[in-house]
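Because the structure is predicted, anything quoted here is derived from the model rather than measured. One-based numbering along the sequence shown.
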Amino acid sequence: MASTYTITTNDETTANFNFSRLAQSRADSTNEIVGESALLQSLLQQVGLVAPTDSTVLILGETGTGKELIAREIHRLSNRSSRPFIRVNCAAIPPSLIASELFGHERGAFTGALQRRQGRFEAANGGTIFLDEIGELPMETQITLLRVIQEREFERVGSSQPISVDVRIIAATNRDLEAAVADRTFRSDMFYRLNVFPIYVPALRERLEDIPLLVEHLIERFAKRVGKAFRTIKMNTIEILQAYAWPGNIRELQNVIERSVILAEGDVFSVDEGWVKRALRRPRRTAPLVNSIAEPERELIEVALSESGGRISGPSGAAAKLGIPRQTLDSKIASLQINKLLFKSRRNGTLAMPQVNTEGLNVE
């Protein structure tokens, strides 16, 4: 049963802060995916559609947004849910060890190979392999991995005997892979093999309305760990948390809530405003368009699309002009229902639109 908290306002009056809808939110997915925002519900709808298939999924989003949780949810809802879910942090494996780590090796294949070892792909047979931080793979490693993605077949290091595997591949990255392809730091053939069903996980600042539910969920989790119980939450705590940009996303929110639970005395939960106050005073990021903070987001985006000829990513793309990640711009274009195709042939500002400043674009 979900908890019911009381919010304490600054003048000491109280109001009920009922999180009873959290029970349904948890019933609909895993205990860790919490929220009722339109963006999160749209994301979960995509997860529900792709999960029963065997299609490769590419999960995009900033660090700390919960990409692994989404990967696990896809696996949980798939026909492979009773089979293994194997996570591989691609950024943590040196190029010299990637083949052995992913595909295994035979005894004596190299110095120190004292016995046969099963690789991650073999361990995931019948289930799902989650290639986290795929954008950090060096080019030479991408070549090694590409054949397995294409053919679902590999040899252990030191063996010429092919091994076939039935594995569903889910990859994730916080990098702009289209820009990396343009910069030749990521193989285009690898990108197109992975980009079958892309899913964008929104940043926490894009779904601030989910913060009350997330706070309740995290208080419950961390309070249980340290043997504490809370009856009330100060009203300005929620206001403070919703006013912050959360560059570290949910991972950063978790840290703040855990620290607050540890330091709390009594049954009133609050967050030290000083922990986020400095960040709230930081100047907003600017970008190379001219100054004007009054223009709406739609006009800002259309100006950038016009100047870039409809190109989103890359050094001369609209995302770079606006100073925001490509995935964020894609999300805003979709929410504002802007037709990118209208700008494909309109280069050099031929859409007679005024020059404006990105400070009007809410990216923080």
What pair of heavy atoms forms the shortest contact from [X] to [Y], and how long is it?
| X | Y | value |
| --- | --- | --- |
| Pro212 | Gln242 | CD-NE2, 3.5 Å |
| Cys90 | Leu131 | SG-CB, 4.0 Å |
| Ser100 | Val157 | N-CG2, 3.8 Å |

Would you please name every residue forming a side-chain hydrogen bond (donor to acceptor under 3.5 Å, both in side chains) with [X], sequence neighbours left out?
| X | answer |
| --- | --- |
| Glu62 | Arg205, Asn249 |
| Thr141 | none |
| Glu101 | Arg117, Arg120 |
| Asn89 | none |

Indicate yes or no for a side-chain donor-acceptor contact from [X] to the backbone of [Y] under 3.5 Å, with no hydrogens or angles considered.
| X | Y | result |
| --- | --- | --- |
| Thr53 | Val50 | yes |
| Ser37 | Arg207 | no |
| Asn125 | Val165 | no |
| Arg311 | Ser313 | yes |
| Glu133 | Ala91 | no |
| Lys67 | Gly61 | yes |
| Ser308 | Ala304 | yes |
| Gln150 | Met190 | no |
| Glu307 | Ala318 | no |
| Lys234 | Val271 | no |

Is there a side chain to side chain contact (heavy atoms under 4.5 Å, CB included) between Ile149 and Leu194 once you walk through the steps?
CA-CA 8 Å; Ile149 295 176; Leu194 294 173; 3.9 Å; yes
Gap separating the [atom1] atom of [X] from the [atom2] atom of [Y], nearest 0.5 angstrom:
| X | Y | atom1 | atom2 | value |
| --- | --- | --- | --- | --- |
| Leu177 | Ile134 | CG | CD1 | 8.5 Å |
| Leu214 | Leu241 | CG | CG | 10.5 Å |
| His75 | Ser81 | NE2 | OG | 6.0 Å |

What pairs with [X] under salt bridge (Lys or Arg N to Asp or Glu O under 4.0 Å), at least two apart in sequence or on another chain?
| X | answer |
| --- | --- |
| Arg221 | Glu32 |
| Asp267 | Arg231 |
| Arg87 | Glu68, Asp132 |
| Glu151 | Arg147 |

hydrophobic_cluster_shared for [Y] and [X], side chain cutoff 4.5 Å:
| X | Y | value |
| --- | --- | --- |
| Phe85 | Val47 | yes |
| Tyr244 | Trp275 | yes |
| Leu97 | Leu102 | yes |

Salt bridge check, Arg156 against Glu122: does any charged N sit closer than 4.0 Å to a carboxylate O?
yes
Test Val148 against Phe121 for side chain to side chain contact (heavy atoms under 4.5 Å, CB included), laying out the working first.
CA-CA 9 Å; Val148 185; Phe121 269 87; 3.7 Å; yes
Assess, by modelled atom type and distance only, whether the side chains of [X] and [Y] contain a donor and an acceptor separated by less than 3.5 Å.
| X | Y | value |
| --- | --- | --- |
| Asn174 | Thr63 | yes |
| Tyr200 | Glu206 | yes |
| Ser55 | Arg168 | no |

Any ring-ring contact (aromatic ring centres under 6.0 Å, His included) pairs touching residues 45-67, not counting sequence neighbours?
none
Per the ring-ring contact (aromatic ring centres under 6.0 Å, His included) rule, what does the pair list look like for residues 138-157, sequence neighbours excluded?
Phe103-Phe154
For a salt bridge (charged side-chain N to carboxylate O under 4.0 Å, His left out) check, start with the C-alpha distance between Asp272 and Arg259, then their side-chain angles and the critical distance, and finish with the verdict.
CA-CA 10 Å; Asp272 188 336; Arg259 190 189 322 163; over 6 Å; no
Test Glu153 against Ile163 for side chain to side chain contact (heavy atoms under 4.5 Å, CB included), laying out the working first.
CA-CA 6 Å; Glu153 186 178 276; Ile163 299 174; over 6 Å; no
Taken in chain and number order and not counting sequence neighbours, the residues that satisfy side chain to side chain contact (heavy atoms under 4.5 Å, CB included) with Ala38 are none
If you define the side chain from C-beta out and look only at heavy atoms, does anything of Ile59 sit under 4.5 Å from Ile170?
yes
Only counting residues at least two apart or in another chain, list the ones meeting ring-ring contact (aromatic ring centres under 6.0 Å, His included) with Phe269.
Phe230
Go through Met139 and Arg184 one step at a time and tell me if the side chain to side chain contact (heavy atoms under 4.5 Å, CB included) criterion holds.
CA-CA 9 Å; Met139 291 292 280; Arg184 298 187 178 182; 5.7 Å; no
